[in-house]
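First up is the structure itself, then whatever we jot down about it.
Worth saying up front: this structure is predicted, and the values here are computed from it rather than measured.
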Amino acid sequence: MTRLQRLLRCCTALFLVLATAFSGWGQDGDKALRAEADALFEKGAYAKAYPLFSQLVSLAPQDHELNFKLGACTIFGGDDKTKAAGYLKFALAGPATSGLAWYFLGRAYQLDYRFNEALDAYKHFRGTGDKKLLARFPVDALEQQCRNGLHLLSNLKDIQVMNKVEVDASD
């Protein structure tokens with residue numbers, strides 16, 4: 001056996017040992033990350049949980065529960081809040097997504113001025129949520145805000161500028 005062949009065998013063995021060690025470490029790291037993210041979500045620290053769920057969804061994009069939690073966290077901690085509705089709608093297409101996803105979908109729609117869709121989501125949340133969940137996340141005031149928003153948007157006036165004059169800041 002030549003020196004080169006021995007060196008290749010040694011490198012291959014080392015590679016297999018390291019690959020096995022790091023693959024187990026990655027799974028344990030993902031579990032720890034998921035546990036930390038879930039704990040923050042349960043405490044209502046959605047903005048702090050946002051980067052964790054963002055990382056987890058990038059590792060498992062088809063997981064409906066992770067998409068639900070990322071969507072909820074995006075409302076409070078994400079830069080682009082309009083993406084929240086997409087995550088939440090995908091999550092609701094899953095088989096066993098929490099009814100709370102309808103609440104957060106309503107919030108996402110409401111923040112995006114989609115008041116009719118928000119009212120529908122809140123109505124669905126009322127129908128699927130249990131009493132404990134409805135007490136923790138009341139929707140009465142949010143539904144009224146949506147109705148007020150619809151009323152205000154229906155009375156928009158188009159404003160025209162008749163005369164524009166620039167003045168000095170000291171004036």
**Report entry** Separation of Ile75 CD1 from Gln110 CD (nearest 0.5 Å)
**Finding:** 10.0 Å
Query raised in the report: Taking atom types as modelled and ignoring hydrogens, do the side chains of Gln144 and Asn148 form a donor-acceptor contact shorter than 3.5 angstrom?
Result: yes
Query - salt bridge (Lys or Arg N to Asp or Glu O under 4.0 Å) evaluation trace for Glu117 with Lys89 - result: CA-CA 12 Å; Glu117 292 163 295; Lys89 286 195 303 189; over 6 Å; no
Query raised in the report: Under 4.5 Å between any side-chain heavy atoms of Leu59 and Asp30, yes or no?
Result: yes
Report task. Tell me whether Leu100 is reachable from Leu119 by hopping between hydrophobic residues (I, L, V, M, F, W, Y) whose side-chain heavy atoms are closer than 4.5 Å. Result -> no
Query raised in the report: OH/Tyr103 to CG/Leu142 distance, rounded to the nearest 0.5 angstrom?
Result: 5.0 Å
Query raised in the report: Okay, side chain of Asp112, backbone of Arg114: is any donor-acceptor separation there less than 3.5 Å?
Result: no
Query raised in the report: Which pair of heavy atoms, one from Pro61 and one from Ser58, lies closest together, and at what distance?
Result: CD-O, 4.1 Å
Report summary line: Rounded to the nearest 0.5 angstrom, the OG-NZ distance for Ser54 and Lys83 is 8.5 Å
Requested in this report: Looking only at non-hydrogen atoms, find the nearest pair between Arg34 and Asp63 and report the distance.
Outcome: NH1-OD2, 3.9 Å
**Report entry** Over all atoms of both residues, closest heavy-atom pair of Leu92 and Ser98
**Finding:** CD2-O, 4.5 Å
Requested in this report: Check whether any side-chain heavy atom of Trp102 lies under 4.5 Å from a side-chain heavy atom of Lys123, and answer yes or no.
Outcome: no
Query raised in the report: Is a donor on one side and an acceptor on the other found under 3.5 Å between the side chain of His64 and the backbone of Phe90?
Result: yes
**Report entry** Short N-O contact, Asp130 and Lys132, less than 4.0 angstrom
**Finding:** no
Requested in this report: Please confirm whether Phe41 and Phe68 have ring centers closer than 6.0 angstrom.
Outcome: yes
Requested in this report: Following the transitive rule for hydrophobic clusters with a side-chain heavy-atom cut-off under 4.5 Å over Ile, Leu, Val, Met, Phe, Trp and Tyr, establish whether Leu70 and Leu66 coincide in one cluster.
Outcome: yes
Report task. Look at the aromatic rings of Phe104 and Tyr46 and report parallel, tilted or perpendicular, splitting at 30° and 60°. Result -> perpendicular
Report task. Return yes if a side-chain donor-acceptor contact under 3.5 Å exists between His124 and Asp120, otherwise no. Result -> no
Query raised in the report: So does Glu143 pair up with Arg126, basic N to acidic O under 4.0 Å?
Result: yes
Query - Euclidean distance, Tyr50 OH relative to Cys73 SG, rounded to 0.5 Å - result: 9.5 Å
Query raised in the report: Taking the side chain as C-beta and beyond, is there a heavy-atom pair between Asp38 and Lys69 under 4.5 Å?
Result: yes
Query raised in the report: More than 12 non-hydrogen atoms from neighbouring residues, nucleotides or ligands closer than 6.0 Å to NZ on Lys81, yes or no?
Result: yes
Query raised in the report: Can you name the nearest heavy-atom pair linking Ala49 to Leu40, along with the distance?
Result: CB-CB, 3.8 Å
Report summary line: Closest non-hydrogen contact found for Thr128 with Gly99 is OG1-CA, 3.9 Å
Query raised in the report: Under 4.5 Å between any side-chain heavy atoms of Leu88 and Asn67, yes or no?
Result: no
Query raised in the report: So, do Phe53 and Thr74 sit near enough that their side-chain heavy atoms are less than 4.5 Å apart?
Result: no
Requested in this report: For residues Ala118 and Gly106, report the shortest heavy-atom separation together with the two atoms involved.
Outcome: CB-O, 3.4 Å
Report task. Indicate, with yes or no, if Leu111 and Phe137 share a hydrophobic cluster defined by side-chain heavy-atom contacts under 4.5 Å among Ile, Leu, Val, Met, Phe, Trp and Tyr. Result -> yes
Report task. Answer yes or no: is there a side-chain heavy-atom contact under 4.5 Å between Leu156 and Asp158? Result -> no
Query raised in the report: Would you say Phe125 and Leu133 make side-chain contact, with heavy atoms under 4.5 Å?
Result: yes
